[in-house]
Amino acid sequence: MAAQDFSIAIIGAGIGGLAAAAALRLVGLDVRIYEQASAFARIGAGIQQSPNSIKVLRRLGLEDRLSAAAFRPHSALNRQSDTGEVTWERMLGDDAERHFGAPYFLMHRGDLHEALASVVPDDIIERNRKLVGLNQTEDGVTLEFEDGEPVTADVVIGADGVHSVVREALLGVESPRWTGRVAYRTTYPASLLGGMEIDDCAKWWGPDRHIVMYYVTPRRDEIYFVTSTPEPDFKVESWSAKGDLDMLRDAYKDFHPQVRAVLDACPEVHKWALVERDPLPKWGEGRITLLGDACHPMTPYMAQGAATSIEDGAILSRCLDGVDRAGVARALRRYEDSRKARTARIQTISRLNDMNKIKAEIETTYGYDVWTAPLAEEMAE
Ligand SMILES: Cc1cc2nc3c(=O)[nH]c(=O)nc-3n(C[C@H](O)[C@H](O)[C@H](O)COP(=O)(O)OP(=O)(O)OC[C@H]3O[C@@H](n4cnc5c(N)ncnc54)[C@H](O)[C@@H]3O)c2cc1C
């Protein structure tokens, strides 16, 4: 059990920030979260969570809740965009669950976020608190916000996403790299398909674009799709926007009838600029560190962005468990050293979006157990 003589401020109540808060509280640490938004918005998005993430969510007490809300597919099909030929069936059902020690869930992103929020007391989350700057001294880190009083904390975790202010303060201003691609995505009632059945989960690979479609509830009554579509002229400043359905349908007009039917039935769609960074050489300094998209944003092609953010929080809790105030900087470097190689590899493979390379990573990606994985050596004083 931790010595409990230091306070932790987490910036951002996204999936990574909430998971970290819950994991740190499990080892008895004192955490507060500062979130810029006034409320949590439920955007129309699905999310895949693989066994490596579910092993963390299980320890947080969320497996049953998620199991009731999520769809558990037998497999995910990889298909040719036009003929529909199956080029790889990624097994995800009972055998895979036995093999990897946890299930694979497809769910509404809002359900995952709400589940994580349910294990973090509401009174430790301060909303409308947009971090604008921070200053580290011998005594701690002072956080400055757009609104409200500054705060001092002993440890700061930047879980503030791909445009992280904490990352900027540590490493300087550098926009993430625009991939020239957008993700059109939405969820909608499966009843709008008029009785047509679709695959439980499939990725349809075209020559320069793809679309992933799956159910997000156990009743198969809500479906989700997400694309990777070249649109180099999209203005990245508006990194999230309403999508034009005609443009989307036109971009997939040569795809299989199943894909076209899903796009034809879709009532509205959002689009997101797909951005990424190269693996960072450094995640922190002194009593400050980063977590999730703030330090390893990736293209979503391996569905590992949130999963690895959730892993980060668990490893951070292992590194800080039992540490006193004098030892926190060393513990944070140990956390970073324990995480960098794995997240860099997933970032790099994900970017390639190469089916055979992704296939070769399944064992180490899903098989990782955050609770037993060896931690990096602790640095000497
Ligand atoms: C199209 C698409 C599909 C994806 N599909 C999957 C998938 O299937 N599986 C998967 O595992 N991952 C997926 N991901 C990746 C996943 O969404 C991200 O990796 C994950 O959300 C990262 O979580 P985070 O908490 O680090 O960041 P975020 O979710 O971005 O949360 C950051 C939080 O910080 C807050 N914040 C930001 N700046 C400040 C500030 N200055 N002060 C205070 N608060 C601040 C934000 O409001 C937000 O609440 C997908 C991503 C995309 C784009």
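One-based numbering, in listed order, for ligands and for the atoms of each.
Regarding atom 27 (O) of ligand 1, its nearest protein heavy-atom neighbour is Gly161 CA, 3.7 Å. For atom 34 (O) of ligand 1, the closest non-hydrogen atom of the protein is Gly12 CA, 3.2 Å. The closest protein non-hydrogen atom to atom 47 (O) of ligand 1 is Glu35 OE2, 2.6 Å. The protein heavy atom nearest to atom 31 (O) of ligand 1 is Gly14 CA, 3.5 Å. Given atom 21 (O) of ligand 1, the protein heavy atom at minimum distance is Arg109 NH2, 3.1 Å. For atom 26 (O) of ligand 1, the nearest protein heavy atom (residue, atom name, distance) is Asp293 N, 2.9 Å. Atom 44 (N) of ligand 1 has its closest protein heavy atom at Gln36 N, 3.1 Å. The shortest contact between atom 9 (N) of ligand 1 and any protein heavy atom is with Gln48 O, 3.0 Å.
In this structure, His163 has no heavy atom closer than 4.0 Å to ligand 1. Ligand 1 lies less than 4.0 angstrom from a heavy atom belonging to Ala159. For Trp272, the closest heavy-atom approach to ligand 1 does not fall below 4.0 Å.
Looking at Leu131 next to ligand 1, an N or O pair under 3.5 Å apart turns up. Considering both main-chain and side-chain atoms, Tyr224 never comes within under 3.5 Å of ligand 1 through any nitrogen or oxygen pair. Close N/O approach between Ala306 and ligand 1 is found [any backbone or side-chain N/O within under 3.5 Å]. Taking only nitrogen or oxygen atoms, main chain and side chain alike, Gly16 reaches within less than 3.5 Å of ligand 1. For ligand 1, none of its N or O atoms has an N or O atom of Lys130 under 3.5 Å away. Considering backbone and side-chain atoms together, Ala307 places an N or O closer than 3.5 Å to an N or O of ligand 1. Checked by distance only, ligand 1 and Ala303 come closer than 3.5 Å through their nitrogen or oxygen atoms. Residue-to-ligand polar distances keep Arg185 apart from ligand 1: every N/O pair is separated by 3.5 Å or more.
Ring planes of His113 and Phe40: perpendicular class, angle over 60° (limits at 30 and 60°).
By the 6.0 Å and 45° rule, Arg129 does not stack over the aromatic ring of Tyr34. Figure legend: cation-pi geometry between Arg220 and Phe71 absent, as NZ or CZ is not positioned both under 6.0 Å from the six-membered ring centre and within 45° of its axis. Note that Arg339 lies outside the cation-pi zone of Trp283, set by a 6.0 Å cut-off to the ring centre and a 45° limit from the axis. Judged by the 6.0 Å distance and 45° axis criteria, Arg59 is positioned over the aromatic ring of Trp371.
With Glu276 as reference, Thr179 is the one residue of Val162, Asp293, Thr179 to meet the side-chain contact (heavy atoms from CB on, under 4.5 Å) rule.
Within the 6.0 Å centre-distance limit, the rings of His210 and Tyr301 are counted as a close aromatic pair.
In this structure, the side chain of Arg181 does not engage the main chain of Glu231 through any donor-acceptor pair within 3.5 Å.
Residue contacts with ligand 1 for Met298 are absent, since no atom lies close enough (heavy atoms, distance under 4.0 Å). Counting heavy atoms closer than 4.0 Å to ligand 1, residue Ser53 contributes nothing at all. Counting heavy atoms closer than 4.0 Å to ligand 1, residue Ile11 contributes side-chain atoms (C-beta onward) but none from N, CA, C or O.
With respect to the salt-bridge test (charged N to carboxylate O, under 4.0 angstrom), the residues Arg345 and Glu361 qualify.
Annotation for Arg177: atom CZ counts as buried by contact number, over 12 foreign heavy atoms lying within 6.0 Å.
Two residues are said to be in side-chain contact when any heavy atoms from C-beta on lie closer than 4.5 Å; Trp88 and Val86 fail this criterion.
Side-chain atoms of Arg90 and Tyr366 form a donor-acceptor pair, as typed in the model, at a separation below 3.5 Å.
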